[in-house]
**Student:** 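Take a look at this one; I'll ask things after.
Just follow the structure's listing: the first ligand is 1, and inside any ligand the first atom is 1. Note that the structure is a prediction, hence the values are computed from the model and not measured.
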Amino acid sequence: MSDVFQDAVARLRNLGEEAGIRPEVVEALVQPKATLAASLPVRMDDGGTRYFPAFRCRYNDVLGPTKGGIRFHPGVSAAEVKALALWMTIKNACVDLPYGGGKGGVIVDPKKLSRMELERLSRAYMRAMADFVGPDTDIPAPDVYTNARIMGWMADEYEAIVRHKAPAVITGKPVGLGGSKGRGEATGRGAFHIVEKYADHRGLDRASTTVALQGFGNAGYHIARLMQQAGYRIVAVSDSKGGIYKKDGFDVDSLYKVKQESRVLKGVYCEGSVCELVEHDTITNAELLELDVDLLVPAALEDAITEENAGDIKAKAIVEVANGPTTLAAEGILAERDIDVLPDVLVNAGGVTVSYFEWVQNRQGYPWTLETVRARLKSQMEDAFDAVATARAEDTSTWRAAAYAVALRRIETGIEMSGTRDYFNSED
Ligand code: GLU
């Protein structure tokens with residue numbers, strides 16, 4: 001299996017060349033600016049101490065302080081954190097935020113920790129990283145298996161260390177602790193705006209558009225809910241334990257209710273009153289990816305669509321709500337088969353966009369209304385789609401190539417403004 005970071009760099013090189021980006025700009029992006037690796041000592045409830053490997057990568061800060069989430073997952077690795085941080089660099093530039101890219105992670109299965117152990121781990125992470133992050137240097141946020149409560153603990157720990165309030169050090173906090181209204185739904189809502197723009201672009205009729213969704217976490221739930229409200233038919237949903245299918249489409253809120261009560265979608269397989277609300281056939285995650293639907297929405301982890309299954313995908317378009325769900329090799333196969341892949345760096349940028357709004361509100365000391373957040377998110381996402389669609393009209397090889405072209409041109413401008421070989425060698 002190829003290394004996820006090497007894959008990310010190979011993609012950067014290919015798409016940088018395709019977009020005509022100066023080689024010295026691409027070269028500036030093939031390594032992170034700095035990565036901090038730490039071992040987090042955590043007192044467990046049984047009195048013993050365990051040590052969890054942790055990372056924070058500040059990938060590139062040409063366009064502003066680095067920004068990106070922190071992931072708690074057993075599959076985290078230094079390579080994965082670097083790849084995710086590179087994608088954040090592209091994502092923030094693609095949607096025109098004044099940020100570079102960063103990412104963090106801890107190798108841990110948070111579902112196996114008690115609530116108090118999880119709090120101690122979160123605080124230990126911030127203690128290890130306190131000199132590396134900051135409101136003007138690097139601003140973390142939630143990612144896979146981290147949430148608002150965890151961000152609140154981390155903000156509190158940072159403030160205890162620096163001995164003053166500093167809410168802008170981290171975003172995705174609870175609203176009662178300086179978080180932004182609308183941050184929780186932002187990734188799903190932003191992705192929904194991109195799907196709507198794409199549907200207009202392609203002239204899709206919503207009512208006859210079928211959708212399969214892999215991953216029913218925060219982002220997956222919100223995009224599914226909003227798509228269903230807009231008339232799309234959500235015919236399949238899965239989580240890490242398995243999937244369910246219903247030809248006529250699910251009522252997303254009933255599904256969510258069942259999942260909340262039982263913790264897993266598998267809860268719908270049980271017998272009883274709530275389960276009867278949701279009729280379904282069971283399918284595996286692999287089967288879900290190969291369903292004959294119009295839109296396939298991977299909203300879980302990396303490597304969902306690989307060389308092995310790309311030839312069997314029947315969807316007309318893939319909407320990448322997860323980060324990095326399509327491998328480089330798979331993308332080539334999909335492009336040959338004329339399947340559009342709307343890329344993660346555009347589709348899921350609503351989360352970091354509302355994180356940016358949160359940071360602005362914290363710095364202004366002036367909270368916005370939910371209506372303001374939603375309206376600004378919509379226009380930021382729509383403008384980003386238009387910029388990418390314009391680049392796509394220049395006949396880029398894929399939608400991802402168009403998104404990278406938009407992002408890399410912005411980074412290139414930033415680098416050029418600080419001087420290049422051509423500038424320093426010119427006589428005029
Ligand atoms: N973890 C999210 C992402 O991958 C959000 C990052 C942020 O809000 O800074 O985009």
**Student:** Quick one: does Gly68 get a heavy atom under 4.0 Å from ligand 1?
**Tutor:** yes

**Student:** Check the pair Glu17, Arg13 against salt bridge (charged side-chain N to carboxylate O under 4.0 Å, His left out), reporting the backbone distance first and the verdict last.
**Tutor:** CA-CA 6 Å; Glu17 194 182 322; Arg13 287 194 194 278; over 6 Å; no

**Student:** For the pair Arg363 and Asp136, find out whether any cationic side-chain nitrogen is under 4.0 Å from an anionic carboxylate oxygen.
**Tutor:**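 Counted as a salt bridge, because a side-chain N and a carboxylate O are separated by less than 4.0 Å.
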
**Student:** Please state which protein non-hydrogen atom is closest to atom 3 (C) of ligand 1 and give its distance, to 0.1 Å?
**Tutor:** Lys91 NZ, 3.2 Å

**Student:** Sort out for me which residue in Asn92, Asp138, Thr89, Thr171 forms a side-chain hydrogen bond (donor to acceptor under 3.5 Å, both in side chains) with Lys67.
**Tutor:**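 The single option meeting the side-chain hydrogen bond (donor to acceptor under 3.5 Å, both in side chains) with Lys67 is Thr171.
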
**Student:** Which of the numbered atoms in ligand 1 are under 4.0 angstrom from any heavy atom belonging to Asp143?
**Tutor:** 1 (N), 2 (C), 4 (O)

**Student:** Using 0.5 Å steps for rounding, measure from the CZ atom of Phe5 to the OG atom of Ser77.
**Tutor:**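 Going from the CZ atom of Phe5 to the OG atom of Ser77 covers 11.0 Å.
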
**Student:** Pull out every atom of ligand 1 sitting under 4.0 Å from any heavy atom of Gly69, numbered as shown with elements.
**Tutor:**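 This gives 1 (N), 6 (C) as the contact atoms.
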
**Student:** Do Lys197's NZ or CZ and the ring of Phe385 fall within the cation-pi criteria of under 6.0 Å and 45°?
**Tutor:** no

**Student:** Show the atoms of ligand 1 that are less than 4.0 angstrom away from any heavy atom in Pro142.
**Tutor:** 1 (N), 2 (C), 5 (C)

**Student:** For ligand 1, is any non-hydrogen atom under 4.0 Å from Arg71's backbone (N, CA, C, O), its side chain (CB onward), both, or neither?
**Tutor:** neither

**Student:** Of the listed options (Glu358, Met151, Arg183), which comes nearest to atom 5 (C) of ligand 1 when hydrogens are ignored and any heavy atom counts?
**Tutor:**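 Among Glu358, Met151, Arg183, the closest heavy atom to atom 5 (C) of ligand 1 belongs to Arg183.
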
**Student:** Identify the protein heavy atom lying closest to atom 9 (O) of ligand 1, giving its residue, its atom name and the separation to 0.1 Å.
**Tutor:** Lys67 NZ, 2.8 Å

**Student:** Considering all heavy atoms of both residues, which atom of Thr398 and which atom of Ala335 are nearest to each other, and what is their separation?
**Tutor:** CG2-CB, 4.1 Å

**Student:** Looking at Arg120 and Asp45, is any side-chain nitrogen of the basic one under 4.0 Å from a carboxylate oxygen of the acidic one?
**Tutor:**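 Yes.
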
**Student:** Taking the side chain as every heavy atom from C-beta outward, state whether Leu113 and Met44 have any atom pair closer than 4.5 Å.
**Tutor:**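 Yes - at least one pair of side-chain heavy atoms lies under 4.5 Å apart.
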
**Student:** What atoms of ligand 1 come within less than 4.0 Å of a heavy atom belonging to Ser355?
**Tutor:** 7 (C), 8 (O), 9 (O)

**Student:** What's the shortest distance from atom 7 (C) of ligand 1 to any protein heavy atom, and which residue and atom give it?
**Tutor:**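 Result: Ala141 CB, 3.3 Å.
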
**Student:** I need the atoms of ligand 1 closer than 4.0 Å to a non-hydrogen atom of Asn323, numbered in the order shown.
**Tutor:** 4 (O)

**Student:** Which ligand 1 atoms, with their elements, are less than 4.0 angstrom from a heavy-atom of Met88?
**Tutor:**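 Close to Met88: 3 (C), 4 (O), 6 (C), 10 (O).
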
**Student:** List every atom of ligand 1 that sits less than 4.0 Å from any heavy atom of Lys103, numbering the atoms from 1 in the order shown and giving each element.
**Tutor:**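 Answer for ligand 1: 1 (N), 3 (C), 4 (O).
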
**Student:** Work out whether the distance between some heavy atom of Ala349 and some atom of ligand 1 is less than 4.0 Å.
**Tutor:**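 Outside the 4.0 Å threshold, so no.
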
**Student:** Does one side chain, of Gln380 or Thr353, offer a donor that lies under 3.5 Å from an acceptor on the other?
**Tutor:**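 Result is no, nothing qualifies.
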
